[in-house]
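Below, each value reflects all heavy atoms present in this structure, side chains not excepted, and no hydrogens, waters or symmetry copies.
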Amino acid sequence: MTMKAIELQSPGGIDNLMMVERSTPEPGRQEMIVRVKATALNYRDVEIARGSYHTTFPLPLVPLSDGVGEVVAVGSEVSRFKVGDRVCGTFWQRWVGGSFAMAEPSYQRGGPIDGLLSEFARLDEQAAVIAPAQLSDVEAATLPCAAVTAWHALFTEGNLKPGETVLSLGTGGVSLFAMQFAKAAGARVVVTSSSDEKLARAKGLGAHDGVNYRDNPDWSSAVLALTDGRGADHIIEVGGPQSFAQSLKASARGAQINVIGYLGGSEGVINPLDIFRRQVKARGIPVGSRESFEAMNRALAVNRLRPVIDRVFPWAEAAQAFRHLEHGSPFGKVVLDHTE
C-alpha cells in the first residue's frame with residue numbers, strides 16, 4: 001500500500017517541496033502507526049527548506065516535527081497506547097526525561113528523522129503523548145515544539161513563581177504560549193511587538209503590558225519603566241544577539257534569559273559586564289523532554305488553555321503555509337489540516 005507525503009527533495013527553497021507516493025509504514029516492535037490529522041510549522045522548518053538551517057540533513061526529507069494523529073496500528077510489545085488513541089509526537093525521540101544530556105541529535109523529528117507531513121507516520125511509543133482531550137486536532141498539532149519550549153523554559157528550568165515578571169519577545173508561537181502559561185501561573189507578562197494591533201490582541205489574551213519596539217528602539221528602558229526599574233525575572237529571547245543586548249538591560253538581578261531563537265540574525269555584540277552586573281543566567285532552550293510535555297498537558301487541561309492559531313491551510317498547500325510563516329508575520333501558529 002502507498003500513501004501521500006510531501007518531501008523536501010533538494011535544498012535551497014520552499015519550491016522544492018513536492019507531493020510524492022511512499023510506501024505506507026508498518027509498525028515494528030514498540031512502534032505504532034498514526035493517521036496524521038494535523039501538523040504545525042516552526043521557523044526551523046522554514047530554515048531547513050531554504051537551506052539556511054545550522055545543520056544539514058540527508059534528503060529527501062519529510063518535514064515538520066509537530067503534529068497529531070490517531071493510532072491505527074500497533075506493533076508487538078506496545079503498552080503505552082492502543083488503536084484509536086489520539087497522540088502527539090515528541091520532537092526529541094529519545095529524550096524521555098532528565099537533563100538535555102539525554103537528548104540524541106540524530107533522533108529529531110522533522111530532520112534528520114522524517115517528519116509528519118504525510119498521511120501516515122510511524123512513531124516509537126516512547127516518543128509520543130496523549131493529545132489533550134479538550135483541544136481540537138488543529139490546536140493539539142501546535143504543542144510539540146513551541147508549547148513545550150515555553151513550558152520547559154519557564155517551569156522545568158525556570159521554576160517560575162507567582163508575582164514574577166515574564167518578558168516575552170514577539171507574538172510568535174513560543175512567545176504566546178509563554179504569555180499564556182505565565183499568566184496562568186500568576187506572573188506579570190510584558191510582551192513586545194512592532195505592531196500596536198498585535199499588542200492589543202496579546203493584552204486581550206492576558207498580557208499585562210506591551211511595548212512597541214519599533215516606536216521604542218531602546219525598548220529595555222520601557223520595560224524598566226513598567227517594572228519601576230526592577231526589570232524582568234524571565235525573558236523569552238527569540239531575536240538573537242541584537243535583541244539579547246536589550247534583554248540584558250531589561251533584566252532584573254538574577255534574571256533568567258531563555259535563548260530560543262535568532263529571528264534578528266546571528267551577528268552582534270554583547271557586553272559581558274551587563275551579565276556580571278545583574279548576575280543573569282542565560283541558557284539555550286532546545287524544546288524539552290517528554291516529561292515536560294506531559295506536565296504541560298496537565299496544566300493545559302487544568303487551566304483550559306487553548307493555543308493561539310494564526311491560520312490553517314489544507315496540508316496539500318504546505319508551500320503556501322511555509323511562505324506565510326516566512327513572510328506573513330503571523331500572530332500565533334500556522335497549521336496544516338490533513339483532513340482537507
Side-chain angles (χ1 to χ4, degrees), residues 42-44 47 52 54 146 149-150 152-154 157-158 160-161 163-183 187-203 205-286 329-332:
N42 296 288
Y43 201 72
R44 174 184 189 265
E47 289 202 309
S52 60
H54 58 71
T149 297
H152 196 79
L154 293 177
E157 296 285 352
L160 176 67
K161 299 177 178 61
E164 293 185 324
T165 296
V166 173
L167 172 60
S168 194
L169 304 189
T171 54
V174 176
S175 300
L176 289 180
F177 275 120
M179 178 199 73
Q180 292 176 288
F181 293 153
K183 168 72 173 179
R188 180 182 183 179
V189 185
V190 180
V191 174
T192 69
S193 174
S194 61
S195 164
D196 286 338
E197 178 192 1
K198 288 183 177 180
L199 291 176
R201 292 177 67 184
K203 289 179 182 178
L205 290 168
H208 297 82
D209 299 287
V211 176
N212 188 316
Y213 61 78
R214 181 167 293 166
D215 295 341
N216 299 275
D218 184 29
W219 50 263
S220 59
S221 296
V223 174
L224 290 173
L226 287 169
T227 57
D228 297 322
R230 185 177 181 277
D233 302 289
H234 302 261
I235 299 176
I236 302 299
E237 171 55 66
V238 300
Q242 298 294 335
S243 64
F244 191 92
Q246 288 281 315
S247 292
L248 278 173
K249 294 177 181 177
S251 298
R253 290 187 179 184
Q256 303 178 50
I257 301 181
N258 299 285
V259 179
I260 292 157
Y262 44 91
L263 295 175
S266 57
E267 301 295 328
V269 177
I270 296 168
N271 183 355
L273 285 177
D274 287 330
I275 299 175
F276 176 79
R277 292 187 186 106
R278 292 172 174 80
Q279 293 294 289
V280 167
K281 301 180 183 70
R283 58 171 167 262
I285 299 294
S329 187
F331 184 92

Donor-acceptor check, side chain of Thr227 to backbone of Ala232, threshold 3.5 angstrom: yes or no? no

Looking only at non-hydrogen atoms, find the nearest pair between Ala187 and Val166 and report the distance. CB-CG2, 4.2 Å

Quick test of your reading of the model: are Asp218 and Lys249 salt-bridged, counting only N-O distances below 4.0 Å? no

Nearest 0.5 angstrom please: Phe276 CZ to Leu248 CG, how far? 14.0 Å

Scan Lys281, Glu157, Arg283 and name whichever one has a side-chain hydrogen bond (donor to acceptor under 3.5 Å, both in side chains) with Gln256. Arg283

Could you tell me which non-hydrogen atom of Gly173 sits nearest to which non-hydrogen atom of Ala146, and how far apart they are? C-CB, 3.9 Å

Shortest non-hydrogen contact from Ala150 toward Val174: CB-O, 3.7 Å

Counting only heavy atoms not in Arg214 (residues, nucleotides, ligands), do more than 12 fall under 6.0 Å from its CZ? no

Minimum heavy-atom separation for Leu199 to Thr192, with atom names? CD2-C, 3.9 Å

Distance check, rounded to the nearest 0.5 Å: Leu205 atom CG versus Met179 atom CE? 4.5 Å

Short side-chain to backbone donor-acceptor contact, Ser193 and Gly170, under 3.5 Å: no

Beyond-backbone contact of Trp219 with Ser247, side-chain heavy atoms, under 4.5 angstrom: yes

Would you give the length of the straight line joining atom CD1 of Ile257 to atom CG of Asp233, rounded to the nearest 0.5 angstrom? 11.5 Å

Measure from the side-chain N and O atoms of His208 to the backbone N and O of Val189, and report whether any donor-acceptor pair falls under 3.5 Å. yes

Atom CG of Asp209 and atom CG of Leu226: how far apart are they, to the nearest 0.5 Å? 4.5 Å

Do Ile235 and Ser251 have side-chain heavy atoms sitting under 4.5 Å apart? yes

Step-by-step side-chain contact (heavy atoms from CB on, under 4.5 Å) determination, Val280 to Asp274: CA-CA 8 Å; Val280 167; Asp274 287 330; over 6 Å; no

Side-chain heavy atoms of Val211 within contact of Leu167, under 4.5 Å: no

Spacing of CD belonging to Gln246 relative to CD belonging to Glu237, to within rounding of 0.5 Å: 10.0 Å

Hey, could you give me the NZ/OG distance between Lys183 and Ser168, rounded to the nearest 0.5 Å? 14.5 Å

Can you confirm whether Leu154 sits close enough to Ile236 that some side-chain heavy atom of one is under 4.5 Å from a side-chain heavy atom of the other? yes

